[in-house]
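Okay, so here's the structure we're looking at.
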Amino acid sequence: MYNRTEIKDVLAGGHLDKEITVCGWVRAFRSNRFIALFDGSDFNTLQVVIDDDFGNEDVLKKIHFHACVKATGKLVESQGAGQKYELIANDIEVLGEANPDEYGLQPKAMTMEYLREKAHFRMRTSTFSAVFRIRHAIAYGIHKFYNDRGYYYMHSPIITGSDAEGAGEMFQVTTLNMGDMPKNEEGGVDYSKDFFAKHTNLTVSGQLQAEIGALALGKVYTFGPTFRAENSNTSRHLSEFWMIEPEVAFNDIYDNMDLAEEFCKYLINYVLDNYADDVAFLDQRIEKMERNMPKEKRRPMGLLDTLKFVVENDFERITYTQAINILRNSKPFKKGKFEFEPTWGSDMQAEHERFLVEKKFKKPVIVRDYPQSFKAFYMRENDADESVPGTTVAAMDVLFPGIGELIGGSQREERIDVLKRRVEAMGIDEEELWWYLELRKFGGAPHAGFGLGFERMVQFITGIQNIRDVIPFPRTPGSAHF
RNA sequence: GCUUCCUUAGCUCAGUUGGUUAGAGCAUCUGACUGUUAAUCAGAGGGUCCAAGGUUCAAGUCCUUGAGGAAGCGCCA
């Protein structure tokens with residue numbers, strides 16, 4: 001419409017001494033003359049210098065923080081330090097004013113909590129624009145990773161008729177009148193009158209359907225939104241989040257771990273290779289933020305160094321049984337520093353996982369072969385092992401520093417008799433899972449997969465503390481604004 | 001769901017043992033300056049101290065309840 005040149009292209013060179021038009025928003029306006037302009041295409045801003053002959057005071061008065069501006073002029077080599085090029089503008093038009101008395105944002109440090117209330121504007125800040133460019137990069141990297149390796153992207157349903165996905169509380173989907181629900185003979189809600197003629201929910205996982213894909217297309221992955229109605233109030237949980245779930249026929253738990261590690265490293269490398277400016281900015285931002293903090297509160301390594309370290313080193317791989325032994329022989333346990341005692345048969349607490357990842361190994365850790373007692377029904381039962389106190393399953397968790405469980409996965413139980421026994425033992429209605437059981441009855445195969453929390457990966461790569469700040473519009477208990 | 005903490009100017013925050021007229025920086029506005037990079041200098045305006053109730057001669061400060069927010073735990077990705 002304006003025949004504009006994007007700032008990313010301007011900064012890439014090739015427009016020197018040419019007349020161009022740029023459009024964007026004002027990040028800074030100095031000396032009534034210098035505009036730092038961004039248009040989202042690049043982390044860096046373009047300096048627009050208002051030509052000495054430009055005499056329109058009315059226009060200059062409208063140039064405020066985050067006002068939208070169109071500028072035309074000649075691109076020259078910059079006279080000042082700090083940037084290579086600048087645009088000497090002889091024509092400036094304010095496309096959208098931003099009255100600073102009413103606009104909520106300012107060219108200064110604002111807290112993440114404040115910006116969360118301004119979610120419709122926060123993407124304009126340096127921090128959030130960097131975060132959301134990186135979020136895009138990771139999403140793209142996910143598709144590229146799997147496509148390059150011959151996986152098929154599969155869409156699992158968002159509305160599910162299954163009550164047995166086994167991953168937490170669900171949000172109900174209904175078109176029934178909440179004030180006047182039709183009743184069945186037992187006095188409960190008659191869901192045969194509902195839109196789908198049955199009880200339906202938003203999905204908590206696409207895994208069970210992904211298994212259908214794996215046993216037909218071989219290698220598939222899902223990447224979609226999932227919904228959990230858990231009353232979780234932490235900086236690592238969302239009620240609506242995105243999950244990547246690869247599912248692979250003929251993979252066992254070890255193949256699964258290899259895939260998980262390769263996948264994580266690929267995504268980090270993809271961002272480092274393609275969005276270095278954004279990562280560098282976030283790295284410096286954290287450094288500045290932590291400069292005034294006491295040493296024990298600072299992160300042991302900068303963001304950039306952490307990412308490089310994860311990419312360059314093998315993940316530690318241990319069994320749950322080994323993990324418990326390490327914890328019981330650890331200094332914190334012997335000195336009574338743990339709030340919870342690590343015992344075989346109970347799930348590891350956050351403090352235990354943090355000790356393994358951040359103190360003992362100081363890198364990502366994959367824990368496998370968990371006790372069957374607290375794991376899902378579909379995880380493959382391991383053969384009995386005399387050196388292990390009880391029955392275990394071929395489950396794995398990938399634990400990352402700072403964010404805990406990034407990935408949870410397993411080899412799936414392909415033996416129908418074992419699976420039926422597990423379904424019954426956990427009190428799940430077999431009828432609910434008829435199709436899942438038939439997958440084993442007809443043409444079944446060993447297979448494995450995992451779920452990676454997309455926002456947790458974005459959190460790790462951007463170094464952002466609260467998961468609510470790596471998704472454009474966070475949904476958490478008691479909060480669904482915008 | 002549980003525990004702890006926070007809420008003072010547009011924003012980020014001080015505010016001592018309960019004591020006179022609640023302060024600073026940034027932002028805004030006015031003026032000066034004009035190659036700036038967190039520009040600089042001078043001046044001005046800007047307050048329901050989250051809400052309600054209570055204690056007290058006196059409450060931003062102490063107590064109770066509520067609202068909103070955060071951190072940690074549990075659940076998980």
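On a predicted model such as this, the values are computed, not experimentally measured, just so you know. Residue numbering restarts at 1 for every chain, and letters A, B, ... go by the order of the sequence lines.
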*Counting heavy atoms from C-beta on, name the nucleotide in B:A27, B:A77, B:G35 closest to the side chain of A:Phe34.*
B:G35
*Any idea which of B:A70, B:A77, B:G35 is nearest the A:Ile467 side chain?*
B:A77
*asked:* Classify A:Asn233 by what it touches in the nucleic acid, base, sugar-phosphate, or nothing, heavy-atom distance under 4.0 Å.
replied: base
*asked:* Does the structure show a Watson-Crick or G-U wobble partner for B:A58, both distances under 3.5 Å? Name it, or say none.
replied: none
*Considering Watson-Crick and G-U wobble pairs with both distances under 3.5 Å, what does B:C5 pair with?*
B:G69
*Please state the C1' separation for the pair B:G18 and B:U61 - nearest whole angstrom.*
6 Å
*Would you call A:Lys360 and A:Glu316 a salt bridge, using N to O less than 4.0 angstrom?*
no
*asked:* Classify A:Gly408 by what it touches in the nucleic acid, base, sugar-phosphate, or nothing, heavy-atom distance under 4.0 Å.
replied: sugar-phosphate
_A:Arg135 and A:Asp278 ion-paired at < 4.0 Å_ = no
*Contact class for A:Gln207 vs. all strands (heavy atom < 4.0 Å): base, sugar-phosphate, or nothing?*
nothing
_So does A:Tyr85 get a backbone contact from the side chain of A:Gln47, meaning a donor-acceptor N/O pair under 3.5 Å?_
no
*Taking atom C1' in both B:C11 and B:U34, what distance in whole Å separates the two?*
28 Å
*asked:* Work out how far the P atom of B:A71 is from that of B:G47, and round it to whole angstrom.
replied: 32 Å
*Among A:Phe223, A:Tyr266, A:Tyr140, A:Phe263, which one satisfies ring-ring contact (aromatic ring centres under 6.0 Å, His included) with A:Tyr146?*
A:Phe263
*asked:* Using a heavy-atom cut-off of 4.0 Å across all strands, would you classify A:Arg354 as base, sugar-phosphate, or nothing?
replied: sugar-phosphate
*Cation over ring face, A:Arg149 and A:Tyr221, 6.0 Å, 45°*: no
*Pick the P atom in B:A51 and in B:A59, then give their distance to the nearest Å.*
15 Å
_Using whole Å, what does the distance between atom P of nucleotide B:C33 and atom CZ of A:Arg30 come to?_
21 Å
*Quick one: A:Glu57 CD to B:C29 C1', roughly how many Å, whole number?*
15 Å
*Just compare B:U34, B:C76, B:G69 and give me whichever is closest to any side-chain atom of A:Arg116.*
B:G69
*C1' atom, B:G53 versus B:A44: distance in rounded Å?*
39 Å
*Out of B:G69, B:C73, B:A77, whichever nucleotide has its closest atom nearest the side chain of A:Thr234*: B:C73
*If B:G47 has a Watson-Crick or G-U wobble mate with both distances under 3.5 Å, name it; if not, just say none.*
none
*asked:* So that I can tick it off, tell me whether A:Arg380 and A:Asp252 are bridged by a salt bridge, with the cut-off set at under 4.0 angstrom between side-chain N and carboxylate O.
replied: no
*In plain terms, say whether A:Asp51 and A:Lys74 are close enough for a salt bridge, that is, a side-chain N and a carboxylate O under 4.0 Å apart.*
no
*Which nucleotide, B:G10, B:A77, B:A71, lies nearest any side-chain atom of A:Lys108?*
B:G10
*Identify which nucleotide among B:G69, B:U34, B:G74 has an atom closest to any side-chain atom of A:Glu113, counting heavy atoms from C-beta outward.*
B:G69
*How close or far is atom C1' of B:C26 from atom CG of A:Leu105, stated in whole angstroms?*
14 Å
_Letter per nucleotide, 5' to 3', of nucleotides 3-9 of chain B [B base touched, S only sugar-phosphate touched, - untouched; heavy atoms, 4.0 Å]_ = -------
*For A:Gln106 and B:A38, give me the distance from atom CD to atom P, rounded to whole Å.*
18 Å
*Between B:C76, B:U36, B:G72, which nucleotide gets closest to the side-chain atoms of A:Ser31?*
B:U36
*Do A:Val279 and A:Phe43 come within less than 4.5 Å of each other through their side chains, counting heavy atoms only?*
no
*Are A:Asp258 and A:Arg317 close enough for a salt bridge, meaning some N to O gap below 4.0 Å?*
yes
*Is any NZ, NE, NH1 or NH2 atom of the basic residue among A:Arg328 and A:Glu341 found under 4.0 Å from an Asp or Glu carboxylate oxygen of the other?*
yes
*Taking any strand in view, what nucleotide pairs with B:A38 in a Watson-Crick or G-U wobble way, both distances under 3.5 Å?*
none
_Atom pair distance, as rounded to whole Å: CE in A:Met348 and P in B:G74_ = 12 Å
*asked:* Tell me which nucleotide, if any, is Watson-Crick or G-U wobble paired with B:G18 when both distances must be under 3.5 Å.
replied: none
*asked:* With a 3.5 Å limit on both atom pairs, tell me what B:C11 is paired to, counting Watson-Crick and G-U wobble, or say none.
replied: B:G25
_Looking only at the side chain of A:Arg228 (C-beta and beyond, no hydrogens), which of the listed nucleotides B:C76, B:A70, B:G1 gets closest?_
B:C76
*Would you indicate which nucleotide in B:C13, B:G69, B:G35 comes nearest to any side-chain atom of A:Thr111?*
B:C13
*B:C76 C1' sits how many Å from A:Phe171 CZ, rounded?*
14 Å
*C1' atoms of B:G31 and B:C49, separation to the nearest Å*: 33 Å
*asked:* Partner lookup for B:A52, please. Criteria are Watson-Crick or G-U wobble with both distances under 3.5 angstrom; report none if nothing qualifies.
replied: B:U64
_Base, sugar-phosphate or nothing for A:Gln83? Non-hydrogen atoms, less than 4.0 Å._
base
*Between B:C6 and B:U64, how far is it from one P atom to the other, in whole Å?*
13 Å
*Do the side-chain N or O atoms of A:Gln47 get closer than 4.0 angstrom to the phosphate oxygens (OP1, OP2) of B:U37?*
no
*Taking atom C1' in both B:U16 and B:G60, compute the distance separating them and give it to the nearest angstrom.*
13 Å
*asked:* Rounded to whole Å, how long is the line connecting atom CZ of A:Phe29 with atom P of B:A39?
replied: 12 Å
